[in-house]
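Data block below; observations after.
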Amino acid sequence: NRSSDRREQAMSTCRKRFEVFIHNGELARIRQWVTKYQNIETGGDLFGLWSGDRTVVVQFVLGPGEGSRRTPVSFFQDSNYLKTAGSALTTLHSLCHIGEWHSHHKLGLAEPSDGDQRTVQTNMPQYSWNRFILFIANIPTELEHRYESVGTVGIGCFPFVAQAVGARAKMSRGEFHVIAGQSPFRKFFALSESLKDAICNKAELENEPEEERCKATSTPVGTYVLSREILCRAAHTLVAG
């Protein structure tokens, strides 16, 4: 009957995991930064596009700025760097600031701490967001067996979703869909001198491969930019499931 069908549909929706599509090259950058700081936290920000209510595509991983502050149990992004680089990515090229990432190095905590959760849940209403992604990276010790080998950087994805702007967001565990190669936007990110300057100036680049630094290989067609612009208008807007 109709009641059973609606109940089954609702249960199926609840079972659907939050999906995160990301290129292997972007994950590799996170691992490089985490490997650089093995006993202290580091982090950055995530830019991309929302697609529906439970799917996001990460196009660009921003690393720490030169003015970032770190302790063994905290990371604070360089706010001036984030403002400059984030403005270029969102305003000039229509990407959305969809989340953040930081490491728990060898703390043995592979998920957001209580403090991490409170910070995200408190900040989301201030920016009128009802969706946000948090990546947690860590370096497993010999006492942990969740990863293939000791020392491998593990990365977990944790979506925060609120039913409406201003409502308390609930955290869940997302599912990665890793795409081979480099992000197309990473290849083309030097579309203009202003974007190149915003990303490279005051950025911490010491741990990136030399050949990857601030180089562009080609220019994307206009429809690529337009498609991102259209999708970005719906950023942080929950689509009814």
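The figures that follow rest on heavy atoms only: side chains count, while hydrogens, waters and symmetry mates do not.
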Check for a donor-acceptor pair, side chain of [X] on one end and backbone N or O of [Y] on the other, with a separation under 3.5 Å.
X: Ser183; Y: Phe60; answer: no
X: His97; Y: Gly99; answer: yes
X: Gln77; Y: Gly65; answer: yes
X: His105; Y: Pro72; answer: yes
X: Arg69; Y: Phe76; answer: no

Is there side-chain contact between [X] and [Y], with at least one heavy-atom pair below 4.5 Å?
X: Leu46; Y: Val61; value: yes
X: Phe75; Y: Pro64; value: yes
X: His23; Y: Pro184; value: yes
X: Trp101; Y: Trp33; value: yes

Name all pairs fulfilling the side-chain hydrogen bond (donor to acceptor under 3.5 Å, both in side chains) condition that reach into residues 78-87, sequence neighbours left out, sorted by first residue then second.
-> none
Drop me the distance from [X]'s [atom1] to [Y]'s [atom2], to the nearest 0.5 angstrom.
X: Asp116; Y: Leu134; atom1: CG; atom2: CG; value: 6.0 Å
X: Phe160; Y: Ile133; atom1: CZ; atom2: CD1; value: 9.0 Å
X: Glu100; Y: Leu62; atom1: CD; atom2: CG; value: 11.0 Å
X: Arg131; Y: Arg54; atom1: CZ; atom2: CZ; value: 10.5 Å

Would you list the atom pairs, donor with acceptor, under 3.5 Å between side chains in residues 167-180 and any protein atom, with sequence neighbours excluded?
from	atom 1	to	atom 2	distance (Å)
Arg168	NH2	Gln121	OE1	2.8
His177	NE2	Glu19	OE2	3.1

